[in-house]
Engineer: 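Please find one structure pasted underneath; my questions will follow.
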Amino acid sequence: MIKALRLLPFHVRSAVQGLRRHSTTAFSAVSAVSMTLILMSLFMLLTGNISSFTRNIESDFRIHVSIDALQDEAGIDSLQKQIQDVPGVKTVTFSSKDEELYKLKEENEEIFGMYEEGDANPLRDVFIIETQTPDDIESVTTAVNEMDGINKAEYGGDGVSVMISFFKALRNGGFIFVGALSLLAVFLISNTIKMTIYARSTEIGIMRNVGATNWFIRVPFIIEGLIIGLIGSLIPVTLTYFGYSYLYHVLGGHFLTSMFVMQKVNPFASIICLTLVGCGMLVGMVGSFLAVSKYLRWKR
């Protein structure tokens with residue numbers, strides 16, 4: 001271990017010299033890393049915001065339960081206890097018909113301003129139900145609708161459920177695509193480094209003839225891959241952070257409607273930038289290691 005640490009400066013110098021001597025192939029590898037990481041960044045930004053959209057929609061899910069107008073105060077209390085005991089129910093909040101009318105007037109005074117509170121109020125008392133998870137909404141709605149004293153229990157309906165399912169599918173697809181891009185980056189860098197190795201086959205042969213071990217030969221190439229990955233991540237990181245920051249402020253933190261709240265620049269964009277740097281360096285090292293190892297096996 002101590003010997004390996006002592007040799008590290010030598011390996012770093014060898015890696016830098018290798019990059020200088022073979023700048024064309026190094027530039028090709030850096031370009032491959034940059035393009036792949038830019039695509040990864042786009043899908044990570046998209047996937048992260050889709051996750052945020054889905055969470056916001058799910059957190060806003062409430063079941064709106066209108067109570068039979070014939071129910072008195074005791075009957076309402078009894079119904080509230082029954083609903084609270086339904087599996088999947090988190091909270092049950094009572095809202096009187098006058099409170100409901102007040103909310104509607106706040107949203108649109110022109111349409112609901114003609115209605116008055118008290119006996120002239122045409123609305124019904126309601127329960128607002130929050131479930132443990134979004135998956136419980138449909139079963140809770142069905143159970144509440146079957147209770148005596150309930151006029152109707154409803155939520156966003158199948159359309160909202162389909163939208164959430166669609167967002168979840170997009171999010172999962174984004175994760176899979178990011179993984180596929182990582183493998184693509186390894187493949188591209190591995191092949192690019194392989195070209196460099198072929199060009200330096202004489203150098204590797206001489207090192208072997210003087211007794212250099214496989215690891216002694218591998219390490220400079222692995223460091224080259226690390227440097228290539230680091231340099232290749234600089235442009236994607238810059239575009240990701242400043243591009244997303246600009247887009248976030250231009251859109252005011254919302255995409256199309258207030259329902260689609262975007263992730264805040266920090267720490268979201270910063271985490272993605274760190275991930276890109278880490279992925280670039282790791283992919284560069286892995287790609288170089290695979291290329292060198294394969295070549296050494298062929299030439300053993």
Side-chain angles (χ1 to χ4, degrees), residues 1 4-5 7-9 11-16 18-20 22-23 25-52 54-55 170-197 215 218-248 262-294:
M1 182 67 181
L5 290 174
L7 287 172
L8 187 59
H11 289 313
V12 172
R13 287 195 300 272
S14 298
V16 173
L19 289 173
R20 286 176 179 172
H22 304 276
S23 57
T25 52
F27 177 77
S28 299
V30 168
S31 301
V33 173
S34 292
M35 293 304 298
T36 307
L37 291 182
I38 287 172
L39 289 174
M40 284 180 63
S41 172
L42 290 173
F43 275 87
M44 289 170 73
L45 291 171
L46 180 63
T47 302
N49 277 292
I50 286 174
S51 297
S52 177
T54 306
R55 285 195 301 271
L170 277 180
R171 179 181 58 193
N172 295 334
F175 288 136
I176 294 171
F177 196 79
V178 167
L181 285 174
S182 300
L183 294 176
L184 175 63
V186 171
F187 175 77
L188 290 173
I189 293 169
S190 177
N191 281 306
T192 306
I193 296 294
K194 200 179 297 179
M195 293 168 58
T196 305
I197 293 171
W215 269 107
R218 281 191 186 104
V219 171
F221 287 99
I222 293 173
I223 295 174
E224 283 185 31
L226 185 149
I227 295 172
I228 286 171
L230 178 61
I231 296 173
S233 67
L234 296 180
I235 293 177
V237 163
T238 304
L239 291 176
T240 297
Y241 188 84
F242 292 103
Y244 183 74
S245 178
Y246 173 78
L247 186 66
Y248 181 87
M262 297 173 65
Q263 296 262 29
K264 292 183 179 179
V265 177
N266 287 310
F268 177 60
S270 300
I271 291 173
I272 289 181
C273 289
L274 290 174
T275 303
L276 292 176
V277 172
C279 284
M281 295 171 67
L282 180 62
V283 162
M285 291 172 64
V286 171
S288 298
F289 175 81
L290 293 176
V292 178
S293 297
K294 194 170 185 179

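We use all heavy atoms of the structure for the numbers below, so side chains are in, but hydrogens, waters and symmetry mates are not. Just so we're clear, the structure is a prediction, and the values are computed from it rather than from any experiment.
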Engineer: Test of understanding: with side-chain contact (heavy atoms from CB on, under 4.5 Å), list the residues that count as partners of L39, not counting sequence neighbours.
Structural biologist: L181

Engineer: Would you check if the side chain of S31 reaches a backbone N or O of F27 as a donor-acceptor pair within less than 3.5 Å?
Structural biologist: yes

Engineer: Evaluate whether atom CD1 of I38 has more than 12 neighbouring non-hydrogen atoms of other residues, nucleotides or ligands under 6.0 angstrom away.
Structural biologist: yes

Engineer: Say you draw a straight line from CG of L37 to CG of L234; how long is it, rounded to the nearest 0.5 Å?
Structural biologist: 10.0 Å

Engineer: Check for a donor-acceptor pair, side chain of T47 on one end and backbone N or O of F43 on the other, with a separation under 3.5 Å.
Structural biologist: yes

Engineer: Quick one: NZ on K264 to OG on S270, what's the gap to the nearest 0.5 Å?
Structural biologist: 13.5 Å

Engineer: Just wondering, do V265 and Y241 contact through their side chains at under 4.5 Å, heavy atoms?
Structural biologist: yes

Engineer: Any chance you could measure L45, atom CG, to Y248, atom OH, to the nearest 0.5 Å?
Structural biologist: 13.5 Å

Engineer: To the closest 0.5 Å, what do you measure between CG (L274) and SG (C279)?
Structural biologist: 11.0 Å

Engineer: Between atom OG of S34 and atom CD1 of I231, what is the distance when rounded to the nearest 0.5 Å?
Structural biologist: 9.5 Å

Engineer: Looking only at heavy atoms, which two atoms of S233 and V33 are closest? And how far apart?
Structural biologist: N-CG1, 4.4 Å

Engineer: Report the residue from I228, I227, I222 that forms a side chain to side chain contact (heavy atoms under 4.5 Å, CB included) with M285.
Structural biologist: I222

Engineer: With side chain to side chain contact (heavy atoms under 4.5 Å, CB included) as the test, pick out the partner of M281 among V286, L276, L226.
Structural biologist: L226

Engineer: To the nearest 0.5 Å, how far apart are CE in M262 and OH in Y244?
Structural biologist: 4.0 Å

Engineer: Determine the minimum heavy-atom distance between P236 and T240, stating which atoms define it.
Structural biologist: O-OG1, 2.6 Å

